[in-house]
Structures are given as structure tokens and as C-alpha cells.
Amino acid sequence: MKLNQLREVLGIHDPEALTKYRGVYTYRVGFFYTFGRDHCKVRDDLVAAFNKANIDAVILDSGEQWKPFRGGDTLKQGSHWWVKFQIL
């Protein structure tokens, strides 16, 4: 499955939110306030989207990157949760 097809199936509109490098996809969700969310919730939401779309994927890792706010940062440079996965 191509990257743009996967973005469309999962309903991801931001090109920075889903990237692929050497067969490993990285899904990112930016935050300023967490409102009780964490990387586990983001991972669970992604797994639910895979199940709904009948996509076989394996989660490799997930985590959080926290950075102090600086206006104009990209999603990757700012605070975000990330999930790394591969499609089988």
C-alpha cells in the first residue's frame, strides 16, 4: 500500500502526520495540552483504525516527544506522540 493510499484510508489529512522510512511508518499527533491523553491512547486509536479498514499491521514502538513551545515548529519538531508500525 502506498503512503498516500494509507493516509486516505486512515483519514489522515496532514502529510507530516504519517511518514515512511525504510518500510517503517511513523504516525504523529501533535499536542500543546494533553487533556489526559498519552501515546497509549494514540496507539489504541490507530489500532482501531487498522481494524476498521482491515489492515494487517504490527506496532513496533510508541512514545512521546516533549518540547517547549516555539511558534512555527513543524509537527516533528514540536511536542507530539508517535507510533511506529509496519504493514504486513
Side-chain angles (χ1 to χ4, degrees):
M1 180 175 283
K2 295 194 180 224
L3 186 59
N4 285 333
Q5 292 173 327
L6 185 59
R7 284 184 184 129
E8 185 176 322
V9 168
L10 296 177
I12 299 170
H13 303 291
D14 182 3
E16 285 187 56
L18 184 63
T19 57
K20 181 180 177 184
Y21 180 70
R22 294 187 180 180
V24 176
Y25 294 87
T26 304
Y27 174 60
R28 293 180 177 89
V29 176
F31 65 88
F32 186 77
Y33 294 112
T34 63
F35 296 110
R37 278 186 85 178
D38 62 3
H39 68 93
C40 296
K41 176 68 174 146
V42 172
R43 181 189 62 220
D44 294 344
D45 291 345
L46 187 61
V47 168
F50 288 150
N51 291 337
K52 185 177 178 182
N54 293 322
I55 296 173
D56 290 328
V58 60
I59 303 295
L60 303 174
D61 199 6
S62 65
E64 176 181 307
Q65 174 176 302
W66 186 88
K67 296 282 187 171
F69 179 74
R70 298 179 320 182
D73 282 345
T74 65
L75 178 60
K76 190 175 180 180
Q77 293 170 331
S79 296
H80 65 272
W81 297 294
W82 52 268
V83 180
K84 292 189 179 283
F85 64 93
Q86 285 184 322
I87 299 214
L88 303 176

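The ring pair (Phe, Tyr, Trp, His ring centres under 6.0 Å) check on Phe69 picks up Phe32, with sequence neighbours excluded. Taking Glu64 as the reference, Trp81 meet the side-chain hydrogen bond (donor to acceptor under 3.5 Å, both in side chains) condition, with sequence neighbours excluded. By the side-chain hydrogen bond (donor to acceptor under 3.5 Å, both in side chains) test, Thr26 pairs with Lys84, sequence neighbours left out. Listed by chain and residue number, nothing satisfies the side-chain hydrogen bond (donor to acceptor under 3.5 Å, both in side chains) test with Gln65 (two or more places apart in sequence, or in another chain).
Looking at Ser62, its side chain never comes within 3.5 Å of a backbone N or O of Trp82 through a donor-acceptor pair.
Within the 4.5 Å cutoff, the side chain of Tyr27 has no heavy atoms near those of the Leu10 side chain.
Under the 4.5 Å side-chain heavy-atom criterion for Ile, Leu, Val, Met, Phe, Trp and Tyr, Ile87 and Leu3 are members of the same hydrophobic cluster.
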Could you pull out every donor-acceptor pair under 3.5 Å between side chains of residues 43-60 and any protein atom, sequence neighbours left out?
from	atom 1	to	atom 2	distance (Å)
Asp45	OD1	Lys41	NZ	3.1
Asp45	OD2	Arg37	NH2	3.2
Asn51	ND2	Val47	O	3.4

Donor-acceptor contacts, no H, no angles, side chain residues 13-21, under 3.5 Å, sequence neighbours left out:
from	atom 1	to	atom 2	distance (Å)
Asp14	OD1	Glu16	N	3.1
Glu16	OE1	Leu75	N	3.1
Thr19	OG1	Arg28	NH1	3.3

